[in-house]
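In what follows, residues are counted from 1 in the order of the sequence shown. As the structure is a prediction and not an experimental result, all values here were calculated from the model.
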Amino acid sequence: EDDLAPTKVEGLSELTSRPASLLPLDEASPTPPTAVLGGFNMHRTKGIDPAGDTDNKLRALGKKGGRVLDVCTGLGYTACAAARRAGVREVVTI
């Protein structure tokens, strides 16, 4: 058995009593997981993985730089990728 194979990580929020999990989407490739909160996926998953979704969002911005505001409050994929872009001097995420 491969100890590095992606596995689902889940728990129950003590505050809301709702389930929360990180769900691997493709065990055959190293794609980032999606967050599932209260039974709802926090990322698009049909025909795309979170990394591809992040690339699409940043491509839609064009080559603009400066400051980036990330308000998705997810796992930070878009904020991290934006911070690595040329010309971006600050990323604010809430």
Side-chain angles (χ1 to χ4, degrees):
E1 183 175 329
D2 184 2
D3 289 338
L4 299 178
T7 58
K8 183 177 182 179
V9 177
E10 59 187 335
L12 191 67
S13 168
E14 293 179 14
L15 181 64
T16 65
S17 298
R18 293 186 178 157
S21 64
L22 288 176
L23 181 64
L25 298 176
D26 184 359
E27 294 181 16
S29 68
T31 60
T34 186
V36 181
L37 303 176
F40 295 95
N41 287 351
M42 297 291 109
H43 301 95
R44 293 174 38 211
T45 58
K46 187 172 183 177
I48 195 164
D49 62 39
D53 187 43
T54 294
D55 291 342
N56 287 346
K57 289 177 200 170
L58 294 178
R59 198 171 20 260
L61 291 175
K63 296 190 182 226
K64 296 178 183 175
R67 298 177 73 195
V68 175
L69 175 63
D70 175 49
V71 296
C72 294
T73 64
L75 294 174
Y77 299 140
T78 303
C80 291
R84 291 190 297 266
R85 285 182 66 138
V88 172
R89 69 181 197 296
E90 180 180 22
V91 176
V92 176
T93 184
I94 54 173

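The list of salt bridge (Lys or Arg N to Asp or Glu O under 4.0 Å) pairs with a residue in residues 53-62, not counting sequence neighbours, reads R44-D53, D53-K57.
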Tell me which donor-acceptor pairs under 3.5 Å the side chains of residues 79-86 have, and how far apart each pair is, sequence neighbours excluded?
unit_1	atom_1	unit_2	atom_2	d
R85	NH1	L58	O	2.6
R85	NH2	G62	O	2.3

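Within the model, atoms CG of D70 and CD1 of I94 stand 8.5 Å from one another, a figure rounded to the nearest 0.5 Å.
Here the shortest heavy-atom pairing between L75 and T34 reads CD1-C, 4.5 Å. Between P50 and Y77, the closest heavy-atom pair is CB-CE1, 3.5 Å. Taking every heavy atom of both residues into account, S21 and E10 meet most closely at CB-CB, 3.6 Å.
For T16, the side chain to side chain donor-acceptor pair (under 3.5 Å) partners two or more places apart in sequence, or in a different chain, are S13. Under the side-chain contact (heavy atoms from CB on, under 4.5 Å) criterion, A20 pairs with L37, sequence neighbours left out. Residues passing the salt bridge (charged side-chain N to carboxylate O under 4.0 Å, His left out) test with R67 are E90, sequence neighbours excluded.
Looking at N56 and I48, their side chains come closer than 4.5 Å, going by heavy atoms from C-beta outward. P19 has its side chain within reach of L12: a pair of non-hydrogen atoms, C-beta onward, lies under 4.5 Å apart.
Apart from V91 itself, the hydrophobic cluster it occupies contains V68, V88, where clustering links Ile, Leu, Val, Met, Phe, Trp and Tyr at side-chain heavy-atom distances under 4.5 Å.
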